[in-house]
Amino acid sequence: MLKEIRPAIVLLLLLAVITGLVYPLAVTGIAQALFPKQAAGSLIMRDGKVIGSALIGQSFTSERYFHGRPSATTGTDPADASKTVAQPYNAANSMGSNLGPTNKALIDRVKGDLEKLKAENSSAPVPVDLVTTSGSGLDPDISPDAAYFQIPRVAKARNLPEQAVRQLVERHIEKPFLGIIGEPHVNVLALNLDLDGAAASR
Amino acid sequence: MTLIGWIQIALYCAIVVALVKPLGWYMTRVFSGEKTFLSPILRPVEVVLYKLAGVDDRSEQDWLRYTVSMLLFHVGGFIILYALLRAQGFLPFNPQGMTAVAPDLSFNTAISFITNTNWQNYGGESTLSYLVQMLGLTHQNFLSAATGIVLAVVLIRGFARASTQNLGNFWVDVTRCTLYILLPICIPYALFLVWQGMPQTLGAYLDATTLEGGKQTIAVGPVASQVAIKMLGTNGGGFFNANAAHPFENPTALSNFIQMISIFALGAALTNVFGRMVGNQRQGWAVLAVMGVLFIAGVAVCYWAEASGTTGINALGLTGGNMEGKEVRFGIVTSALFAVITTAASCGAVNAMHDSFTALGGMIPMINMELGEIIVGGVGAGLYGMLIFVIISIFVAGLMVGRTPEYVGKKIESKEVKMAMLAILILPAMYLGFSAIACVLPSAVASIANAGPHGFSEILYLFTSSTANNGSAFGGITGNTFFYNTTGAVAMFVGRFLMIVPAMAIAGALAEKKLVAPSAGTFPTTGGLFVGLVVGVILIVGGLTFFPALALGPIVEHLAMTAGTLY
């Protein structure tokens, strides 16, 4: 059995180098040559500054923007480093709410959000994704229904005709792959960027 | 449930089944030491590795030496990973300046990765340096996956060979598996994932000024290279805390679909390797059919439960199913499908938070793991788990007709059945025992995040997932405590190695036997009757062990939910 100790040590170290250093570093090199944008995190720049990643949701609260889904991420309290506080869309600490189906806190939270949304737009049913948190807390997307639902508010806040906003939303609906795989969705950050662009060009 | 949802499920199953034969053919060649199309490039590398390590690739080992080699390899892997976790603050590739991981968390994480569990008591982006992610976790993802595969191959050789003690050479098998199977798939796969939007960089986290003027720190890293092997090797440990729900760890519906396929691909193909090596591919298809029946049943229940939503949310007039903890780009169907796949295999990656699933939707992952992840299974672990159930089924069939049972030409005798029972009983002993202890310890109960029966489910899920080496979680529970870090590590260790050693002993005993020619009295093991018998034995043996525990958790929670009770 002692004969097996040498291969155990040598092979372990050699395979560690191959799979733990050569492989990831080679993939890094090739990926940055072939897909530099994605490899760096699909960054979106405006006026020379990073304003976010195309794939990572952001917290929107202004009436003038489409809002993403509620987010359950937390972060360190800026006032007291020993505490954690709610920090929606904290992209350095992804997490879901982990609230179970019979948790009163979940139902109370949904009820609260639901009332606010109903006050904002009473003409359409509230889409479920607007009152539920995502798995990562960083979901960049909302359903097409959730985008349509917010059109009256955004149009009013920006003083735009609803029809114009609707056309913008429709342009941003991403269909399932090959029409089959996945769900139709709207990237909130991309839509809001276009909204700012449309307002600027008027 | 929608038609398009079922089309996605059907398409998924069709692709997995279509891959079984070509991958099975290729893997059989690799483990038989034959030339492959990659040999001109890889053979020289292989020869150098053997030379440096002092391995003679023509010599073979008996089951005990093979097992000891495997265990030594894991001891070394544990030491490297533990040392990296403790010392990461002093090592390179650490742009975020992560400091040493606490001893109990390092212990848990190191055990977790050498056992192919990848339980996440750590939060990837908030705890680990890039060096640990690469040299620590990516490396172990390869090796624990390769180990699982070669152990399944050894059990197959036990059935296929006759009158010999030689079962192959662990060092050769593990090297060939890594070089010829895992790496060649992972390189293009990782690049595909980057194309879909996954970061692959050694740079620091990014500071963004959001559209509304807020600050957002965006965690990045060498993600794609790790995710490729994490899925293919059914490891499941996330680069990020939110695992495959994180948009960087699973950017699109297409990346999600391919990730689901890669969880099952090698495990499903091993059934074909089995068929080829015992000389009748139909034996492999029969085993895959057993897995398929159980898989489809699980998918149907989980999809139905999630699409139906929860009573509490539906009562508010909301429709569209249970979207809490799910991502919009995946929707209900691929979230439910992913949950069943990841627990049917020993993967444990999640693209939605299982803790927020409906009671019955969350019960299916638990059942999958409690059965021992035999439905396709982790690379390797699924096949040897399933073959252990086959041995029990054949034994039961033998009792019915009063003959010594046979399977693929081997007589199944007392030693094999005893070892199979040992392997089957060790799982419930661990997860039920530890759950019971946790329930009476106030400090352990304090970790739960949801009150009522769901809190019990969180504890049961934790120990089930640890013992079964899955690694998915009802993530609300605070697992990063001294109690759960240590007991979870014990459960992972015992669940892995006390399953492996009996399986190896069976392989050794089988290989020494003579092949017996099938006679008129031999129970045919390629037909529907055999498939039905094995499914029945799995459900009865499994059901008797864990049904009482499920009754206290998800089942009572479902009844409470439909009655409108909240906790």
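Here is how names work: the chains are called A, B, and so on, in the same order as the sequence lines, proteins then strands, and each is numbered from 1. The shown structure was predicted, so the numbers you read here are calculated from the model rather than taken from an experiment.
Looking at B:T319 and A:V128, their side chains never come closer than 4.5 Å, going by heavy atoms from C-beta outward. Contact check for A:L15 versus B:F142: no side-chain heavy atoms found under the 4.5 Å cut-off. Within the 4.5 Å cutoff, no side-chain heavy atoms of B:I218 are placed close to those of A:V50.
Remark: the backbone N or O of A:S62 is paired with a side-chain donor or acceptor of B:E212 at under 3.5 angstrom. In terms of modelled atom types and a separation under 3.5 Å, the side chain of B:N450 and the main chain of A:N98 share a donor-acceptor contact. Judged purely by atom type and a 3.5 angstrom limit, B:Q8 uses its side chain to pair as donor or acceptor with the backbone of A:I180.
Salt-bridge check for A:E4 with B:R65: passed, with a basic side-chain N closer than 4.0 Å to an acidic carboxylate O. A salt bridge is absent between B:E327 and A:R69; no separation between the charged side-chain nitrogens and carboxylate oxygens falls under 4.0 Å.
Distance NZ/A:K3 to OG/B:S69: 9.5 Å, rounded to 0.5 Å. Rounded to the nearest 0.5 Å, atoms CE (A:M95) and CG (B:N243) are 14.0 Å apart.
Only the side chain of A:L43 comes within less than 4.5 Å of a heavy atom of chain B; its backbone N, CA, C and O stay farther away. Only the side chain of A:L106 comes within contact range of chain B, with at least one heavy atom under 4.5 Å from a heavy atom of that chain. Both the backbone and the side chain of A:P24 come within contact range of chain B, each with at least one heavy atom under 4.5 Å from a heavy atom of that chain. In this structure, the portion of B:L206 lying under 4.5 Å from any heavy atom of chain A is its side chain and not its backbone.
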